[in-house]
Amino acid sequence: MPELPEVETIRRGLEKYVVGHKILDLAILHTGIFEGEKEQIIGSQIIKARRYAKGLILDLDNSFSLAIHIKLTGQLIYRDAATEKIEVSKDKVGTIPNAFTHLIFYLDQEAMLYYNDQRRFGWIRVVPTNEVLEMKFFKTLGPEPFKDLTLDIFQKIVSGSPTKIKPFLMDQEKIGGIGNIYANDALFRSGIDPRRPAKSLNSGEINLLYESVIKVMEKSFEEGGASELSFINVLGQEGGYQRHALIYGRRREPCIKCGGVIEFFKLAGRGTYFCKNCQK
DNA sequence: AAGGATACCTGAATGC
DNA sequence: TGCATTCAGGTATCCT
């Protein structure tokens, strides 16, 4: 569930709290997440927090960057004297550090940045700044909502693809940033069956789907993201989108539009929620 | 080439 | 009740 709105929520927190700090030291509690040498980052200052789709980049002032992907359960938590008083989500974090804390970045001014990851799918790589976007993950990303995915481009790529529309939306090389939650909700909001070939959508449907992707993500920004799994912001707080999801996570519940029972099936290996009355 | 299945990992939910 | 199996989702990789 960390999709574009969740990762952007984290980026904004990094920009506000972490950028400007110097990295004094790094504690590696468990190996496998951090790829690089401590020496490449210690003593440098964090000067920028960038995001491309679901990927994050912290640029350092020594011409290196930290490329970060939190995958499903990664958490970046910032702590200092001022934020110490803010309680992190008991539900999602408990104590800091906890058993899933893999990295602790010791920053100047007695601040710390923790990387937690229950399932250890995430990664943090040290890469020369001018090579970060050459990494396969960033290099192959498609255009993303709110950025370079214009309606024109969306029309063009949707109408030219035989792929089923839901896996199409979630393919990061076609469009960057959409994951399972927002793909489900955007298709429901648009009244489109997730199994339809992308190119079978007429232009009215494509316009509506484009608008729906934007709308469900805007709603999520307002709610501070979706904390269905382990997502929290850099202060350790949960988001609330999961309580407002249109169809995602509502298996066997009544549809909010027609009252019919929401069905659930796998599509391209992913959990798919579907209202047969409302999605054609 | 493109799309489907599988691996990665672990807590929670479900099944018998 | 309790143990075992399944499930969840983002991406890389293997396979067809």
Side-chain angles (χ1 to χ4, degrees), chain A residues 1-10 29-35 51-56 67-76 89-95 98-103 115-125 134-142 144-145 157-158 160-187 194-200 216-217 220 225-232 238-239 241-242 245 247-253 262-273:
Chain A
M1 42 110 263
E3 307 177 33
L4 190 154
E6 289 76 27
V7 181
E8 174 61 15
T9 299
I10 291 172
L29 281 55
H30 306 106
T31 56
I33 303 282
F34 182 77
E35 300 170 32
R51 178 192 59 77
Y52 295 88
K54 303 172 195 171
L56 287 164
I68 303 170
H69 202 304
I70 66 170
K71 294 285 183 80
L72 298 175
T73 55
Q75 302 173 326
L76 287 159
S89 164
K90 261 213 162 80
D91 217 31
K92 311 289 186 196
V93 184
T95 58
N98 63 31
F100 302 114
T101 301
H102 306 299
L103 305 170
Y115 181 76
N116 297 348
D117 197 337
Q118 180 187 105
R119 293 165 76 172
R120 290 186 279 131
F121 287 170
W123 42 258
I124 297 185
R125 291 181 192 144
E134 295 303 309
M135 288 172 59
K136 196 215 159 256
F137 172 78
F138 291 104
K139 193 176 178 142
T140 58
L141 282 176
E144 62 177 276
I157 61 178
V158 170
S161 171
T163 307
K164 294 181 182 76
I165 188 63
K166 181 164 176 267
F168 177 91
L169 290 174
M170 295 172 65
D171 183 339
Q172 301 301 298
E173 299 189 14
K174 294 190 168 66
I175 297 170
I178 303 176
N180 204 28
I181 295 181
Y182 304 108
N184 273 292
D185 274 11
L187 285 163
R195 296 164 292 198
R196 283 176 55 191
K199 64 182 184 185
S200 77
V216 296
M217 287 192 173
S220 189
S227 291
E228 187 78 3
L229 277 180
S230 49
F231 166 74
I232 49 164
E238 295 180 39
Y241 183 84
Q242 67 283 3
I247 195 168
Y248 179 84
R250 303 194 182 283
R251 180 180 195 166
R252 294 195 280 255
E253 289 178 28
I262 291 167
E263 295 173 17
F264 177 86
F265 53 84
K266 286 285 175 78
L267 180 57
R270 286 288 165 262
T272 302
Y273 300 86

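Naming convention: chains lettered A, B, ... in sequence-line order (proteins, then strands); numbering from 1 in each chain. Predicted model, so just to flag it, every value in this text is computed and none were measured.
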key: Phosphate OP1/OP2 of C/dT11 contacted by A/Lys54 side-chain N/O (<4.0 Å)   = yes
ask   = What interatomic distance, in whole Å, is found between P of B/dC9 and the corresponding atom of C/dC3?
value = 26 Å
key: Per A/Tyr248 side chain, nearest of listed nucleotides B/dG4, C/dA8, C/dG10   = C/dA8
Minimum heavy-atom distance A/Asn98-A/Val93, with the two atoms named = ND2-O, 2.9 Å
query = Taking atom P of C/dG10 as reference, at what distance in whole Å does atom OH of A/Tyr182 sit?
reply = 10 Å
task = Apply side chain to side chain contact (heavy atoms under 4.5 Å, CB included) to the pair A/Arg195 and A/Phe265, showing each step before the final yes or no.
result = CA-CA 11 Å; A/Arg195 296 164 292 198; A/Phe265 53 84; 3.8 Å; yes
query = Tell me, for nucleotides 10-16 of chain B in 5' to 3' order, what letter each nucleotide earns: B for a base near a protein heavy atom under 4.0 Å, S for only sugar-phosphate near one, - for neither?
reply = BS-----
ask   = Is the A/Tyr182 to A/Tyr241 ring centre distance short of 6.0 Å?
value = yes
A/Arg270 CZ - B/dG4 C1' separation (whole Å) = 12 Å
By ring pair (Phe, Tyr, Trp, His ring centres under 6.0 Å) - contacts of A/His69 (at least two apart) = A/Trp123, A/Phe137
note = Taken to the nearest whole Å, CZ/A/Phe121 to P/C/dT13 is 15 Å
note = Sorted by chain and residue number, the side-chain contact (heavy atoms from CB on, under 4.5 Å) partners of A/Phe121 (sequence neighbours excluded) come out as A/Lys71, A/Leu72, A/Arg119
request  = Taking only heavy atoms on the protein side, list every residue of residues 163-179 of chain A lying under 4.0 Å from any atom of DNA chain C, sorted numerically.
outcome  = A/Met170, A/Gln172, A/Gly179
query = Quick one: which of C/dT11, C/dA8, B/dG3 gets closest to the side chain of A/Pro162?
reply = B/dG3
Non-neighbouring partners of A/Glu253 that pass side-chain contact (heavy atoms from CB on, under 4.5 Å), sequence neighbours left out = A/Arg250
task = Taking salt bridge (Lys or Arg N to Asp or Glu O under 4.0 Å) as the test, write out the residues that go with A/Lys139, two or more places apart.
result = A/Glu134
message = If a pair means Watson-Crick or G-U wobble with both distances below 3.5 Å, what does DNA chain B look like in dot-bracket form, with | marking bases paired to a different strand?
response = .|||||||.|||||||
Quick one: side chains of residues 169-176 of chain A, donor-acceptor pairs under 3.5 Å with protein atoms, not counting sequence neighbours, listed by atom name and distance.
from: A/Asp171; atom 1: OD1; to: A/Glu173; atom 2: N; distance (Å): 2.9
from: A/Asp171; atom 1: OD2; to: A/Lys174; atom 2: NZ; distance (Å): 2.9
from: A/Gln172; atom 1: OE1; to: A/Gly177; atom 2: N; distance (Å): 2.8
from: A/Gln172; atom 1: NE2; to: A/Met170; atom 2: O; distance (Å): 3.0
from: A/Gln172; atom 1: NE2; to: A/Ile178; atom 2: O; distance (Å): 3.0

query = Within less than 4.0 Å of OP1 or OP2 of C/dA8, is there a side-chain N or O belonging to A/Lys266?
reply = yes
note = Scanning both residues in full, the closest heavy-atom pair of A/Thr163 with A/Phe168 reads CG2-N, 4.0 Å
key: Nearest-nucleotide 5' precedence on DNA chain C, A/Thr140 against A/Thr73   = A/Thr73
ask   = Does the side chain of A/His69 get closer than 4.0 angstrom to OP1 or OP2 of C/dG10 through an N or O atom?
value = no
message = Going by side-chain hydrogen bond (donor to acceptor under 3.5 Å, both in side chains), name the residues that satisfy it together with A/Lys54, two or more places apart in sequence or in a different chain.
response = none
message = Which heavy atom of A/Tyr115 sits nearest to which heavy atom of A/Ile70, and what is that distance?
response = OH-CA, 3.8 Å
inquiry  = Can you measure A/Ile33 atom CD1 to C/dT11 atom P for me and round it to whole angstrom units?
reply    = 15 Å
message = Could you report the tightest heavy-atom contact between A/Ser89 and A/Ile232, atom names first, then the distance?
response = CB-CG2, 4.2 Å
Integer-rounded Å distance: C/dT11 P and A/Asn180 CG = 12 Å
ask   = Excluding sequence neighbours, so at least two apart, what forms side-chain contact (heavy atoms from CB on, under 4.5 Å) with A/Ala268?
value = A/Pro167
note = note: A/Glu6, atom CD; C/dA8, atom C1'; distance rounded to Å ~ 15 Å
For nucleotides 14-16 of chain C, tabulate all protein N/O to nucleotide N/O atom pairs closer than 3.5 Å, reporting atom names and distance.
none

key: Nearest-angstrom distance, C1' atom, C/dT6 to B/dT6   = 15 Å
request  = Rounded to the nearest angstrom, tell me the gap between atom CG in A/Leu141 and atom C1' in C/dG10.
outcome  = 12 Å
key: Euclidean distance, atom CG of residue A/Leu72 to atom C1' of B/dA7 [Å, nearest integer]   = 13 Å
request  = Check whether more than 12 heavy atoms from other residues, nucleotides or ligands sit under 6.0 Å from atom NZ of A/Lys92, and answer yes or no.
outcome  = yes
remark   = The salt bridge (Lys or Arg N to Asp or Glu O under 4.0 Å) partners of A/Arg120 (sequence neighbours excluded) come to none
